[in-house]
Amino acid sequence: MPTPSAPSQSAEDYLERIHELIEQKGYARVVDIASSLKVRQASVTSMVQKLGELGFLKYEKYRGLILTKKGREVARKIHGRHETLSRFFSLFGLDAETQRRDIEGIEHHLSPATMEVLADLAAFFEKHRDTLREFKQSCRPAKRKSV
């Protein structure tokens, strides 16, 4: 459960997406956020107001949404978790869509300690490709696409 100063899972998703849009386009508009998250513009407006009240972003006329330092920190943390999980799952040949769904399902639920272990494990397998290959060969035949 989020604390008063910590954003909810949904708010984290918004902050991550706003940060990505700003990095890609130089700005983030409500319409772009709604489109990319597949939600209504009214939902985005409501969340943007809440995030503003919590000090994660502010709205500047003609510039759109601006992440505060606090908002950027949260967005970068979420992005880092996402990248670590993607790097880890990619090692095992999981397809991109399965990875995307799984990452979205778990990225908010893993502790920092677990994320560190997964990052270390990914680095280990990246460094020891023979061990990774041996591990993959020892696995039961599995569907590499989700059902």
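Looking at heavy atoms from C-beta onward, Leu51 lies in side-chain contact with Tyr14 at the 4.5 angstrom threshold. For the pair Leu15 and Ile78, the minimum side-chain heavy-atom distance is 4.5 Å or more. Annotation: side chain of Glu16 is in contact with side chain of Glu107 (closest heavy-atom distance under 4.5 Å). Within the 4.5 Å cutoff, the side chain of Leu65 has no heavy atoms near those of the Arg29 side chain.
Not a single donor-acceptor pair under 3.5 Å links the side chain of Thr98 to the backbone N or O of Leu94. In this structure, the side chain of Ser86 does not engage the main chain of His82 through any donor-acceptor pair within 3.5 Å. In this structure, the side chain of Lys70 engages the main chain of Leu54 through a donor-acceptor pair within 3.5 Å.
Counting only residues at least two apart or on different chains, the side-chain hydrogen bond (donor to acceptor under 3.5 Å, both in side chains) pairs with a member in residues 36-52 are Arg17-Ser36. Applying the side-chain hydrogen bond (donor to acceptor under 3.5 Å, both in side chains) test to residues at least two apart or on different chains, the pairs with a partner in residues 72-81 are Glu12-Arg81.
Val48 and Ile66 are members of different hydrophobic clusters when ILVMFWY side chains are connected at heavy-atom separations under 4.5 Å.
Shown here is Glu134, whose CD atom has no more than 12 heavy atoms of other residues, nucleotides or ligands within 6.0 Å.
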Name every donor-acceptor pair, under 3.5 Å, that has one atom in a side chain of residues 115-131 and the other anywhere in the protein, sequence neighbours excluded.
residue	atom	partner	partner atom	Å
Glu126	OE1	Arg87	NE	3.1
Glu126	OE1	Arg87	NH2	3.0
Glu126	OE2	Arg87	NE	2.8
His128	ND1	Phe124	O	2.9
Arg129	NE	Glu126	O	3.4
Asp130	OD1	Arg133	NH2	2.5

message = Pair Leu57, Ile18 - check side-chain contact (heavy atoms from CB on, under 4.5 Å), show working.
response = CA-CA 10 Å; Leu57 58 80; Ile18 290 166; 3.6 Å; yes
